[in-house]
Amino acid sequence: MPELPEVEVVRAGLEPAVSGARVRHVEVVDDRALTRHDGPAEDFVERLTGRTIAAAVRRGKFMWFPLVPERVGDRPEALVTHLGMSGQVLLGRGREVAKHRRILIDVQPAGTDRDGTPEEPVELEFVDQRTFGSMAIDTMVPTVDGAPAGSAGAVDERDPDAAWRRSIPTQVSHIARDPLDPAFDDDRFVAMARKRSSGIKRVLLDQGVVSGIGNIYADESLWAAKLHFDRPAERLPRADVHRLLAEVRSVLARALEDGGTSFDAQYVNVNGQSGYFSQRLAVYGQQGQPCPRCGTEIVREAFMNRSSHRCPVCQPAPRQRRR
DNA sequence: ACCACCACCTGAGTGC
DNA sequence: TGCACTCAGGTGGTGG
């Protein structure tokens with residue numbers, strides 16, 4: 001489930017199960033799920049087993065689970081997760097082994113039932129067909145702006161000053177904040193974007209400029225803002241970039257409300273259920289269908305070894321650059 | 001420093 | 001049925 005709304009659906013689904021939970025057992029089924037981990041599988045297992053998870057945090061398409069330090073003065077660490085193109089995290093107990101199960105993490109939740117008995121242990125199953133996703137144990141560094149590193153859901157209110165809030169895993173520190181982050185700096189984004197000579201879609205997809213946007217939501221946002229993907233970012237009026245950012249926010253928020261975009265069983269929440277935003281897509285995958293705004297047929301075009309979808313009338317191609 | 005491209009994988013679908 | 005080829009929602013490293 002790869003772009004921001006899909007990852008947030010997973011984060012929110014995991015949060016109640018993992019916040020305060022203790023890791024009982026870890027099994028690495030396939031080492032390729034550890035490509036971001038600096039060390040062998042045994043090291044991953046050793047550093048995670050027995051630890052307590054503080055929360056579930058997300059920035060852009062990265063998720064991480066800060067681990068409570070074992071000793072005062074220890075460098076803060078987190079379990080980092082990226083779903084890649086085809087990753088899922090499923091919650092359950094004794095579920096049927098998924099075909100592409102890569103890692104299994106058995107946790108003891110912090111909560112108790114009404115009569116005080118501890119909750120049943122739960123398994124987090126990391127499933128990933130294409131193995132572009134991965135998990136890792138990584139050290140954390142302070143955020144450069146001193147603001148909370150990402151979205152942590154209900155924990156934001158409960159524990160706003162926890163030490164892990166203002167730390168970010170080292171391998172996520174180069175990722176820009178996402179547009180739904182309260183600490184996102186609109187003016188900074190607009191200024192950065194307008195320094196780029198490449199097409200505006202490349203800029204939207206550059207996670208170092210703005211995070212969380214992938215091919216679906218880039219196309220949807222550009223359609224909403226009536227901009228062609230190849231408009232040189234440096235030549236866009238400031239107001240247009242602000243307008244585009246507003247459309248990005250609107251698209252991401254609506255997709256999140258619908259539980260994300262699911263084209264098949266690969267993009268599901270922690271209970272294996274699909275989201276419904278695919279029914280509201282204006283252009284992505286809609287080639288041959290009428291533009292919801294003007295009725296013109298949507299076209300699909302090659303772009304960056306992928307494809308772009310647009311309305312030829314609402315989003316006309318830019319004039320060739322003169323030299 | 002930017003920018004464009006390529007590699008990393010598996011599986012589903014298409015055309016011959 | 002089989003084979004070759006294309007495509008899929010991402011990221012990082014590499015050269016220019």
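In what follows, every heavy atom counts, from backbone to side chain, and hydrogens, waters and symmetry copies are set aside. So you know, we letter chains A, B, ... as the sequences are listed, proteins then strands, and number each from 1.
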Is there a Watson-Crick or G-U wobble partner for dC3(C) with both distances under 3.5 Å, and which nucleotide is it?
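Pairing partner, where one exists within any strand: dG15(B).
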In the strands shown, is dG12(C) matched to any nucleotide by a Watson-Crick or G-U wobble pair with both distances under 3.5 Å, and which?
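dG12(C) is paired, partner dC6(B).
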Sugar-phosphate only, base, or nothing, as touched by Tyr217(A) at under 4.0 Å among non-hydrogen atoms
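No contact.
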Applying a 4.0 Å non-hydrogen cut-off, can you work out what Arg196(A) is touching in the nucleic acid: base, sugar-phosphate, or nothing?
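Sugar-phosphate, backbone atoms only, no base.
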Give a yes/no on whether any side-chain N or O of [X] is located under 4.0 angstrom from OP1 or OP2 of [N].
X	N	answer
Lys61(A)	dG9(C)	no
Gln207(A)	dG10(C)	no
His82(A)	dT11(C)	yes
Arg36(A)	dT11(C)	no
Lys195(A)	dC2(B)	no
Arg130(A)	dG11(B)	no
Ser307(A)	dC7(C)	no
His100(A)	dC9(B)	no

Map Arg102(A) and Arg202(A) onto DNA chain B by nearest heavy atom, then report which one ends up closer to the 5' terminus.
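Residue closer to the 5' terminus by nearest nucleotide: Arg202(A).
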Name the residue closer to the 5' end of DNA chain B, choosing between Asn305(A) and Met192(A) according to the nucleotide with the nearest heavy atom.
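On the 5' side of the pair lies Met192(A).
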Between Asp106(A) and Arg93(A), is the closest basic N to carboxylate O distance under 4.0 Å?
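Between Asp106(A) and Arg93(A) there is a salt bridge, with a charged N closer than 4.0 Å to a carboxylate O.
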Does a side-chain N-to-carboxylate-O contact under 4.0 Å join Glu301(A) and Arg310(A)?
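Yes, charged N to carboxylate O under 4.0 Å.
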Taking 5.5 Å and 30° as the limits, would you call Phe132(A) and the base of dC8(B) a stacked pair?
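Base of dC8(B): stacked against Phe132(A).
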When the P atoms of dG13(C) and dC9(B) are compared, how many Å lie between them, rounded to an integer?
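Result for the P pair: 15 Å, nearest Å.
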When the P atoms of dC7(C) and dC5(B) are compared, how many Å lie between them, rounded to an integer?
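It comes out at 16 Å once rounded to the nearest Å.
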Check the angle between the aromatic planes of Tyr284(A) and His309(A) and answer parallel, tilted or perpendicular using the 30° and 60° thresholds.
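Ring orientation of Tyr284(A) relative to His309(A): tilted.
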Mind telling me whether Phe189(A) and Phe184(A) have parallel, tilted or perpendicular rings, with 30° and 60° as the class edges?
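Tilted, since the angle between the ring planes falls between 30° and 60°.
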Got a second to check how far Gln171(A)'s CD is from Trp64(A)'s CH2, nearest 0.5 Å?
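Rounded to the nearest 0.5 Å, the CD-CH2 separation comes out at 10.5 Å.
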